[in-house]
There are 2 protein chains.
Amino acid sequence: MFGYAEMDRERNALNMSVFEAEYEAAESTLAERTYIRLRDDIITTLLPPGTLLREAELMKRMEVGRTPVREALQRLQYDGFVVVSARRGTFVSKIDINDLTAVYEARARIESWATRLAAERLREFERQEARQLIDELKQTTGPMTLEDILALDRRVHRFIYKVAKNPFLFDTLDHYHNLSLRILYVAMKRFPTLVPRLEDVLHDQVLMLEAVCRGDADEAERVAMAHVMSFESEVRKVI
Amino acid sequence: MFGYAEMDRERNALNMSVFEAEYEAAESTLAERTYIRLRDDIITTLLPPGTLLREAELMKRMEVGRTPVREALQRLQYDGFVVVSARRGTFVSKIDINDLTAVYEARARIESWATRLAAERLREFERQEARQLIDELKQTTGPMTLEDILALDRRVHRFIYKVAKNPFLFDTLDHYHNLSLRILYVAMKRFPTLVPRLEDVLHDQVLMLEAVCRGDADEAERVAMAHVMSFESEVRKVI
DNA sequence: GTGGTTATATATTGCTGATATATTGAAGAT
DNA sequence: ATCTTCAATATATCAGCAATATATAACCAC
C-alpha cells in the first residue's frame, strides 16, 4: 500500500476530468467535499473493495474534523459504497457478479426509458446543445485516454437525464451511473485490455443523441438500451 | 399548532400500523430511530411541508442528543424530505404539481417493470406467500381505516419488490413509494373525501398478485401500471 | 420626518476535539 | 480448550467556537 501523497497525485491524474462537473458544483461544506472525494476514490478503485476506512486516518488525510468524515461515511453507506459494521469498522463494499447483473439490468431499463423521454421532451435550445455534443464526439478521433472516454460518457448521460425533465429520475439514474462506473473500474483493474474497446461507445452515443435530436423516441430507447447493455456484456466477460 | 404530547398521540394512532414492519426492523441506533420517526411524521404530514425543524427542539422532543438529530436530518435531506439551508434552518420540503407528475411517472414505469420481473421470477415458496396475501385482501370486506389500507398496500408492494430479486431496484422503489405516499397524504389532508375511494386499490392488488402467481408477466405489468396511475389520477384531481 | 446605509445583535447550522461507553476480536493466562 | 484481559473501534454525546444569514437598531444625508 502506498502513502496518501502518492494517492492524491494519482487521483488528480485520474479523476479530475471525469468528475470535473461535480468538483465545480461542489457545495462549500467540508462534509460535501469530503463525500465527493471519498466517493470518487471508491468509484475509481483507488480505494478498492474491502478497504478499511479509519475515521482517524481520513481526518488526517483530508485535513478535516470528525464530523465531515462521519457524515461522508454515512452518506456513502446510504449509497451502498461502504458498509459500516458496528464497532468493527467501515469498509468499502465488495461487488460481485450479482451486483453487476442487478445494476445493469435496472440501469438499462430505466435509462432507455429516460432516453425516450428525452427524445419526446427536447426543446430547441437543448437541440443546439445536443448538436454541439455530437460534433465534439465526432471530432475525437485519435487515441483517447480512459478518463477522456468516461468524462464524455458522463457528460452525454447527464445531458440526457436533464432533458428527460424529471428531477427524481435524474437522481436515480445518476446513482445507477455511479454504481455501474465503479463496477467498470473494478473490471478494468482486473482485465486492463478491456479499456480500448470502450471507444466503441462513442459511436453508440452519437446514434443516441441523433435519435434524441430527431425526436425519434423508439430509436432513442432502443439505442440507449443497447449502449448500456454493451457495457454490461463487456464487463461480464472478465468479472 | 398543538404541542408535542398531542402530536405523539396522534402519530401512534396514525402510523403505527402503516410503518409497523419498519418499526420492527428498526436498527437499534438512536440516529436510525430518530430518522424513521421524523420521516414517518413528514410522510403523514404530521409535520407538514414548510415546517421549520430546529435541532434544539427535536433534541428535546425526541430526547436524544444533537448527533442523532443531525444524522437523521441529513439523511432526510438526501431523501428529499427536508431542505437544509445553512445557518437559516431546516425545513420540511414543499411539494407541488410537478413533483406529483414526476414521482408517479417514474414510479409507474419502474414499478410496473418490477412487477413483470416478479411474475417471471416467483419461486414456489413465494407463491404460497402470495396466495396468503390474496386471501387476506379478499377477506377484508368491511369498512377499512386509512391506515389499514395503506399498511396492506405497503405490504403488497414490498412483497413484489422482494420477489423481483433486484436489491438496488428494491431500494429505488421503496424510496419512490415513500415519496408518493407523502404526496397522497398531502392530497388527502386538503381533500378528505379522497380517502374512501382508496378501497378500490384492493381489487387492483388482487389482480396484480394473481397475475404474478400465474406467471403472467404481461398482465402483471399492465395491472401494476394501472394501479399506480389510478392513485396518480385520484390525487391529481385535488392537488 | 423619510429613505437608505451601516453597524450590531441574534439565531442557527457547521465544525472541532474531547469524553464516556459498548462491542468485538485477538492475545495471553490458566 | 476455556477464560480473561486488552486494544481497537464505533456509537453517542457534549461544550464550545466559527461562520453566516437575517432581523433590528442606529445613523446620516436630504
Side-chain angles (χ1 to χ4, degrees), chain A residues 1 3-4 22-23 25-39 41-42 47-94, chain B residues 1 4 22-39 41-42 47-94:
Chain A
M1 186 64 186
Y4 286 128
E22 271 146 303
Y23 278 117
E27 292 291 320
S28 54
T29 66
L30 282 181
E32 176 88 9
R33 284 197 293 262
T34 306
Y35 163 74
I36 290 175
R37 275 184 68 180
L38 274 176
R39 190 197 61 184
D41 286 352
I42 291 171
L47 296 170
T51 306
L52 172 62
L53 301 172
R54 286 190 198 80
E55 282 186 7
E57 252 178 51
L58 296 175
M59 284 166 67
K60 253 195 288 183
R61 179 186 162 203
M62 307 278 193
E63 294 177 304
V64 293
R66 175 173 303 262
T67 304
V69 168
R70 282 180 56 78
E71 286 177 5
L73 289 178
Q74 264 149 23
R75 196 164 162 191
L76 290 167
Q77 184 188 13
Y78 307 140
D79 287 348
F81 286 128
V82 308
V83 175
V84 178
S85 186
R87 284 153 216 103
R88 255 172 29 85
T90 300
F91 302 87
V92 177
S93 64
K94 297 265 177 82
Chain B
M1 188 61 189
Y4 287 128
E22 271 145 305
Y23 277 118
E24 284 169 20
E27 293 291 320
S28 55
T29 67
L30 281 181
E32 176 89 9
R33 284 197 293 263
T34 306
Y35 163 73
I36 291 175
R37 273 184 71 180
L38 275 176
R39 190 197 61 186
D41 285 353
I42 291 171
L47 296 170
T51 307
L52 172 61
L53 301 172
R54 286 189 198 82
E55 287 182 1
E57 249 178 53
L58 297 175
M59 282 167 68
K60 254 196 285 184
R61 181 185 161 202
M62 306 278 194
E63 294 179 301
V64 293
R66 205 176 157 197
T67 304
V69 168
R70 281 178 57 79
E71 286 177 6
L73 288 178
Q74 261 145 25
R75 196 163 161 191
L76 290 167
Q77 184 188 13
Y78 309 139
D79 287 346
F81 286 127
V82 308
V83 176
V84 178
S85 186
R87 279 149 223 115
R88 249 172 35 86
T90 300
F91 302 86
V92 177
S93 63
K94 297 264 176 81

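For the numbers below, each heavy atom of this structure counts, side chains included, while hydrogens, waters and symmetry mates do not. Below, read A as the first sequence line, B as the second, and so on, with proteins coming before strands; counting in each chain starts at 1.
In terms of the side-chain contact (heavy atoms from CB on, under 4.5 Å) criterion, B/R87 has no residue partners (sequence neighbours excluded). With sequence neighbours left out, B/E55 forms a side-chain contact (heavy atoms from CB on, under 4.5 Å) with B/R66, B/V69, B/R70, B/L73. In terms of the salt bridge (Lys or Arg N to Asp or Glu O under 4.0 Å) criterion, residue partners of A/R54 (sequence neighbours excluded) are, by chain and number, A/E57. Every side-chain contact (heavy atoms from CB on, under 4.5 Å) that B/S93 has, sequence neighbours left out, goes to B/V83, B/R182.
Whole-Å rounding puts the B/R88 CZ to C/dT10 C1' distance at 15 Å. Counting to the nearest Å, the C1' atom of C/dT13 and the CZ atom of B/F91 are 12 Å from each other. The interatomic distance linking A/L30 (CG) with C/dT13 (C1') rounds to 13 Å, in whole Å. As a whole-Å value, the separation of A/R54 CZ from D/dA8 P is 10 Å. When the C1' atom of D/dT11 is taken as reference, atom CZ of B/R33 falls 12 Å away, rounded to whole Å.
Closest to the side chain of A/V84, out of C/dC15, D/dA10, C/dG14, is D/dA10.
Counting only distance, with no hydrogens or angles, the side chain of B/S85 and the backbone of B/R88 share no donor-acceptor pair below 3.5 Å.
A heavy atom closer than 4.0 Å to some atom of DNA chain C occurs in B/R70, these being the qualifying members of residues 68-76 of chain B.
The shortest side-chain heavy-atom distance between B/L52 and B/T90 does not fall under the 4.5 Å cut-off.
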Start with the C-alpha gap between B/R37 and B/E32, add the side-chain angles, then the distance that decides, and say whether salt bridge (Lys or Arg N to Asp or Glu O under 4.0 Å) holds. CA-CA 9 Å; B/R37 273 184 71 180; B/E32 176 89 9; over 6 Å; no
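Using a 3.5 Å distance cut-off with no hydrogens or angles, the side chains of B/Q74 and A/E71 do pair a donor with an acceptor.
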Give the B/S/- string for nucleotides 14-19 of chain D, one per nucleotide from 5' to 3', where a protein heavy atom under 4.0 Å of the base yields B, of only the sugar-phosphate yields S, and otherwise -. S-B--B
